[in-house]
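Computed from a prediction, not measured in an experiment: that's the story for all the values here. Only this structure's heavy atoms are used, side chains among them; waters, hydrogens and symmetry mates stay out.
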2 protein chains.
Amino acid sequence: MATLKQVAAHAEVSVQTVSNALNAPHRLRPDTLERVNRSIELLNYRPNRNARSLRTSSVELIGYCVPDWPDQTHLVMDQFLHALCAAAERTGRHILLFTAPPGVDGMPTYDDLHARRLVDGFVLSQTETHDPRHGWLKEQGIPFVSFGRVWKETTQPGPWVDVDGAAGSAMAVRHLYDTGRRRIAFIGWPKSSGLGEDRLGGWRDECKALGLPTAGLSVRCREDSLDEGARAAASLLDAGREVDGIVALSDILALGALRELTRRGLTPGRDLSVTGFDDSPLADVVAPGLTSLRQPMDDIAGELITILTGSADGRPVERLLQPELVIRGSTAPG
Amino acid sequence: MATLKQVAAHAEVSVQTVSNALNAPHRLRPDTLERVNRSIELLNYRPNRNARSLRTSSVELIGYCVPDWPDQTHLVMDQFLHALCAAAERTGRHILLFTAPPGVDGMPTYDDLHARRLVDGFVLSQTETHDPRHGWLKEQGIPFVSFGRVWKETTQPGPWVDVDGAAGSAMAVRHLYDTGRRRIAFIGWPKSSGLGEDRLGGWRDECKALGLPTAGLSVRCREDSLDEGARAAASLLDAGREVDGIVALSDILALGALRELTRRGLTPGRDLSVTGFDDSPLADVVAPGLTSLRQPMDDIAGELITILTGSADGRPVERLLQPELVIRGSTAPG
DNA sequence: TCGGATGTTTTTAACGTTCAAAACGTCCGT
DNA sequence: ACGGACGTTTTGAACGTTAAAAACATCCGA
């Protein structure tokens, strides 16, 4: 494996000149540059990243904690990881994976990775309401950026990127309205979830703006599961509210609702429209197809990396991106 | 950030002694060791990984290429990644993600990562029939281990770990047999897929061993999609073969089959049993639940890391692990 | 009391790179 | 011809660690 020294000897220049040829080529006389480059090519030289990192104390690696949660929340993780990885590579960086206990118990792991100089900083995701990680990292002066908001009353520590859940719900409501639905219900999560309240608010506000009823049309589930989604749909139907559209807070809940409709002999898309959230692989796999709100993963990843690597000069460090409505059979297109 | 030098000064020993306290504590006199450890703790010292890597020329990072394929094939990737990550951490290592073009076009990327010393070696997955990567890496002397076989006629280059697909199919057949099914069909892939032929063989052999018919009971799909699965199920039913069980090569195909059964008013699990492969999140989310063959991800990841990091002294470098049948409603338990 | 064996610690020299400063040329205006 | 300005290249030192060898103790048996 060739080193700078060997390239320098071959090109008959000093080691520093070869280094400059790579990092500051404008400093070299054109003919020298060409000669050095020929030697580099000939010897198939590649800079040793460890040596460079030692000298510059920057490793060009970004830590990402792979979540250890129930399957449901993972459904779009591979999409996210791929986008993040690609975005990092566009800046010559890479993603380093690690595992850590959730919450504050995981902080020593983050600290350790940074202290041992395995990573320059972190991308947080799977953000929880009142997530303790942001404050902790900020206090330690460890660089990070969050995918997802913390939903505290106070200002959130550190930069973040998120998808506008309220706008997403509103888009879903609007789409149902445009396809003739007039009694649109919402299936959501417990009040403790900031994300849940955000999406719920979008539904409520858009319904009001369109002059649609909301009273008694919102159900909270205890957890993000099929059964809870089905139960919620059942309670809406049993209450005799004459619901003709359901905006569910997640694809899983939506699927549960779809199952309940089918069980009762109702045809999703025709008798009643349903939408989900996140456009997970599930959405494309259920019977009539589930209309869902896609998160713009490439944009999200791009923003995260831009912010984290500090190339976001002057740009805001809080970015709210718009989801995209992917229409499928569950809302009867056409 | 404390360095060895500072710890050494604080503990009033030489730098090398502190290094030894960490890497070869048995060399120190117990009281010295204690004193050094106190200083380490007090100064909150963490070894700089870049410096160590430079010196030892080993980075303790393992490269993994995040696949850029249609969603279906990703369905268990997050499980795999988590397991791989955890297994790596058990040996003090971590996973570095990267993207690369498929096939031989991606090889320069692998080479580059290794030459620049960003990784010590690679874990390959999404192995394709006649995958060119294995031979190439072996030729270059770059360490790697494969999750999945290459299905060449000749001996496969390099070590691998895989799940016994034939045994999996056999387990599925056996389970259907035990629950009273006697005409068990197989829905698979094109002949060009080694993995497909493996699983097909398992079905055929087990059926024969049990004295069950196979003639006309095997259908090949063009691709791994819902529609193809549905089409295959339809053709089996239309052919009047009186099929009462279906072993599908993937969860997606199985789901397609389930959809077709439901469409025809048949009840999966009661009228006809269906099994899938891989136990993806989908299996738990469809109507009666899909019986499927779970890949033992933790074992797989453990073996991969063990083999790659060379701690597999004398152990075979080709490991075939057994899948586990996860029984759900689609095969009418009880 | 001395040589050797053993156990502990220090010294020296790298690993491959980049930073900062110094040195070397070349050209120009005076 | 000389001083300065600029452009290009080299020198010396450092980043934080570990391998190998040397140095220093201590203890034992002869």
Original post:
Who passes salt bridge (charged side-chain N to carboxylate O under 4.0 Å, His left out) against A/Arg27, sequence neighbours left out?
Top reply: none
**OP:** Would you please name every residue forming a side chain to side chain contact (heavy atoms under 4.5 Å, CB included) with B/Arg55, sequence neighbours left out?
**Re:** none
**OP:** Would you please name every residue forming a salt bridge (charged side-chain N to carboxylate O under 4.0 Å, His left out) with B/Arg90, sequence neighbours left out?
**Re:** none
Subject >> All salt bridge (charged side-chain N to carboxylate O under 4.0 Å, His left out) counterparts of A/Arg294, not counting sequence neighbours >> reply: A/Glu324
**OP:** On DNA chain D, check which nucleotide each of B/Asn48 and A/Glu12 is closest to and give me the residue with the more 5' one.
**Re:** A/Glu12
Only pairs under 3.5 Å count here: list side-chain donor-acceptor contacts from residues 99-109 of chain A, not counting sequence neighbours, and write none if there are none.
from    : atom 1 : to      : atom 2 : distance (Å)
A/Thr99 : OG1    : B/Glu89 : OE1    : 2.5

Original post:
Just wondering, do B/Tyr45 and B/Leu4 contact through their side chains at under 4.5 Å, heavy atoms?
Top reply: yes
Original post:
Nearest-Å distance, CZ (B/Arg117) to P (C/dG16)?
Top reply: 10 Å
Original post:
Can you name the residues that form a ring pair (Phe, Tyr, Trp, His ring centres under 6.0 Å) with B/Phe144, not counting sequence neighbours?
Top reply: B/His134
Report each atom pair, protein N/O against N/O of nucleotides 11-14 of chain C, whose distance is under 3.5 angstrom.
from   : atom 1 : to      : atom 2 : distance (Å)
C/dA14 : N3     : B/Arg55 : NH1    : 3.1

**OP:** Output, in order, the C-alpha distance, side-chain angles, deciding distance and verdict of ring-ring contact (aromatic ring centres under 6.0 Å, His included) for B/Phe122 and B/Phe98.
**Re:** CA-CA 11 Å; B/Phe122 296 93; B/Phe98 66 101; 5.6 Å; yes
Original post:
Among all residues two or more places apart in sequence or in another chain, which pass the side chain to side chain contact (heavy atoms under 4.5 Å, CB included) test with A/Arg116?
Top reply: A/Asp112, A/Leu118, B/Arg46, B/Pro47
Expected rows: protein N/O vs nucleotides 4-8 of chain C N/O, under 3.5 Å:
none

**OP:** Check every nucleotide of DNA chain D for an atom under 4.0 Å from a heavy-atom of chain A, then give the first and the last such nucleotide from 5' to 3'.
**Re:** D/dT8 to D/dG16
**OP:** Any pair with a residue in residues 92-103 of chain B that passes salt bridge (charged side-chain N to carboxylate O under 4.0 Å, His left out), sequence neighbours left out, goes on the list, sorted by first then second residue, please.
**Re:** B/Glu60-B/Arg93
**OP:** Give one of base, sugar-phosphate or nothing for A/Asn23, where a contact means two heavy atoms less than 4.0 Å apart.
**Re:** sugar-phosphate
Subject >> Five-pair end axes of the helix from C/dT1-D/dA30 to C/dT30-D/dA1 and the angle they enclose, rounded to 10° >> reply: 60°
